[in-house]
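Model, not experiment: these values are computed from the prediction.
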Amino acid sequence: MRKASWRSIGPGIVVAATGVGAGDLVATLIAGSKFGYTLLWAAVIGCLVKISLAEAAGRWHLATGRTLFDGWRSLGAWTTGYFAVYVAVWGFVYGAAAMSSSALPLQALFPEVMDLKWWAVLCGVGGLVFVWFNRYAVFEKVMTVLVGVMFVVTVYLAIRVTPHLGEAFAGLAPVLPDGSLIYTLGLIGGVGGTITLAAYGYWVNAKGWTDTSWMRVMRLDNRVAYVTTGIFVIAMLFVGAELLHSSGVALATGDKGLLDLGDVLADRYGTATAKLFLIGFFATSITSLIGVWHGVSLMFADFTAQLKARKAAAGPDGATKEVASGAREKSVAFRGYLLWLTFPPMALLFLDQPFGLVIVYGVIGAFFMPFLALTLVWLLNSSRTPAEWRNGWLSNGMLTAAGLLFVVLCVQQVRDLPW
């Protein structure tokens, strides 16, 4: 077993940064604006849930020498069908959303340069070029720098609004105010909870960690990343509680709510603070964009390799070694999915999203997190995993609780769709 070292961490930072997007920031700010510090405990539990899920995905890759999609495929053909529909529809709609989210702060910083749609196109093409030509080591370094920007900006804002620490500590006691259930479930399940949690094992392999000797390093990496994310989320909850809750300011839903916050910061603390926040907003959005461009494209490359049953992917450890060598980052499938994420979604930037597509996207997206949590419970308690690395009572408890939570969120999300 290799000694865990702070200098080894990296994939966890990538997955945590990718999973926290502008929409998550808005959800956290709105929770803080409506309920103050009361739901702080939910943000903490949410981080523990994500640590459990990412650890399970990484443990599967290292303990079995198989990729996660290889594991899913062993559960039956239904997983292949679900994933095929998911990556096609989800990628198409998410591509447009990620480009728009990254464009918003750029247009706010440089309002006279070009229209929002063209900023979005520029972000999409920039992400494509960056992921197309780089290797994992470069990708990780850039993501780490952007995470540093996100972290510094949000912590600075949290300090600037002068939080009431006594009230904040009181928020660690589990309490459910009237009307807070959905916000609570969203804080636990939503922040940092996307398909990129499933991509963690692929980034672990891309880092060069391919067997159980890296297990201790992977676990340190995962915990450091989600503790960092936890601080990030708590800082935004502080901003919502102090800046918005006390003054009764309401944010718009969606990514544009962050522009509202920028206006509030400009009025309260001056233009420099508002611009600093917009830089942090851009770092948050662009990490999600390039993280998905890279991680989900790796998953799609594995998906197609498994369908073709190539010899390199069919062996007990061939798939992970192929990812670790960087071969998957050069494959036709990897680059083809990059193109799918970038160019077809640009049509949605110039048109209203088709109603039926929004429904399908919402339904299959809502089902992904229950699918991930419950299939990990299945895989890590079966003979597919060596006995030494199967789930213990704590992992089973956390993953089962996460699965049930995501089922509730799934039902609520489907009910809230514009049928």
Side-chain angles (χ1 to χ4, degrees), residues 9-28 46-47 49-51 53-55 57-58 61 68 86-87 90-91 93-95 97-102 123-124 126-128 130-131 134 136-151 154 189-207 218 221-233 236 255 280-302 323 328-329 334 337-338 341-342 365 368-369 372:
I9 65 173
I13 295 293
V14 171
V15 71
T18 304
V20 179
D24 297 305
L25 294 193
V26 173
T28 307
C47 289
V49 167
K50 305 312 181 305
I51 287 172
L53 282 165
E55 188 275 341
H61 277 246
L68 186 55
Y86 181 86
V87 294
W90 179 89
V93 181
Y94 179 84
M99 287 186 272
S100 294
S101 178
S102 300
C123 289
L128 169 73
F130 173 69
V131 175
N134 86 306
Y136 175 78
V138 178
F139 167 73
E140 183 188 287
K141 286 183 175 67
V142 171
M143 291 287 280
T144 302
V145 170
L146 291 169
V147 168
V149 173
M150 292 164 55
F151 187 83
T154 52
V191 179
T194 68
I195 188 175
T196 51
L197 279 168
Y200 180 57
Y202 291 85
W203 283 320
V204 162
N205 291 153
K207 180 76 169 175
M218 181 274 292
D221 171 72
N222 177 42
R223 289 165 188 164
V224 169
Y226 277 99
V227 167
T228 303
T229 303
I231 295 170
F232 181 70
V233 171
M236 294 310 292
D255 299 346
F281 177 5
F282 175 72
T284 301
S285 297
I286 201 68
T287 51
S288 292
L289 187 151
I290 62 176
V292 165
W293 264 227
H294 190 275
V296 184
S297 296
L298 273 180
M299 293 181 69
F300 183 77
D302 185 44
V323 175
R328 290 281 167 84
E329 295 179 58
F334 177 86
Y337 193 72
L338 270 177
L341 281 168
T342 306
F368 185 80
M369 292 305 288
L372 174 62

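Between Asn222 and Ile51, the closest heavy-atom pair is ND2-O, 2.8 Å. Heavy-atom minimum distance, Gly230 versus Cys47: CA-SG, 3.1 Å. The two residues Ala198 and Met299 have their closest heavy-atom pair at CB-CE, 3.8 Å. Closest non-hydrogen pair, Leu25 versus Phe232, comes out as CD2-CE2, 3.5 Å.
In this structure, OG in Ser297 is found 12.5 Å from OH in Tyr202, a value given to the nearest 0.5 Å. The CD1 atom of Ile286 sits 10.5 Å away from atom CE of Met99, with the distance rounded to the nearest 0.5 Å. Put simply, CG on Leu68 and CG on Leu372 are 6.5 Å apart, with the number rounded to the nearest 0.5 Å. Interatomic distance, CZ of Phe151 versus OG1 of Thr228, reported as 6.0 Å (0.5 Å rounding). Distance check: Asn134 CG to Ile290 CD1 gives 8.5 Å after rounding to the nearest 0.5 Å. One finds the CZ atom of Arg328 at 8.0 Å from the CG atom of Leu298 (value rounded to the nearest 0.5 Å).
Legend: salt bridge (Lys or Arg N to Asp or Glu O under 4.0 Å) pairs involving residues 280-294, not counting sequence neighbours: none detected.
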**OP:** Output, in order, the C-alpha distance, side-chain angles, deciding distance and verdict of side-chain contact (heavy atoms from CB on, under 4.5 Å) for Thr229 and Val233.
**Re:** CA-CA 6 Å; Thr229 303; Val233 171; 4.2 Å; yes
**OP:** Assess whether side-chain contact (heavy atoms from CB on, under 4.5 Å) is satisfied between Tyr86 and Ile195, documenting all intermediate values.
**Re:** CA-CA 10 Å; Tyr86 181 86; Ile195 188 175; 3.3 Å; yes
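Scanning for ring-ring contact (aromatic ring centres under 6.0 Å, His included) contacts around Phe300 gives Phe303, Tyr337, with sequence neighbours left out. Under the rule for a ring-ring contact (aromatic ring centres under 6.0 Å, His included), Tyr200 has no partner lying at least two apart in sequence or in another chain. Applying the side chain to side chain contact (heavy atoms under 4.5 Å, CB included) rule to Ile13 yields the partners Thr144, Val147, Ala225; only residues at least two apart in sequence or on another chain are considered. Shown here are the ring-ring contact (aromatic ring centres under 6.0 Å, His included) partners of Phe334, two or more places apart in sequence or in another chain: His294. Residues meeting the salt bridge (Lys or Arg N to Asp or Glu O under 4.0 Å) test with Glu140, sequence neighbours left out: Lys207. Taking the side chain to side chain contact (heavy atoms under 4.5 Å, CB included) definition, one finds that Thr287 meets it with Ala17, Met143, Leu146, Met150, sequence neighbours left out. Qualifying side-chain hydrogen bond (donor to acceptor under 3.5 Å, both in side chains) partners for Thr342, counting only residues two or more places apart in sequence or in other chains: Trp293.
Two residues are said to be in side-chain contact when any heavy atoms from C-beta on lie closer than 4.5 Å; Trp203 and Thr18 meet this criterion. Looking at heavy atoms from C-beta onward, Leu53 lies out of side-chain contact with Tyr226 at the 4.5 angstrom threshold.
Using cut-offs of 30° and 60° on the angle between ring planes, the pair Tyr136 and Phe139 is tilted.
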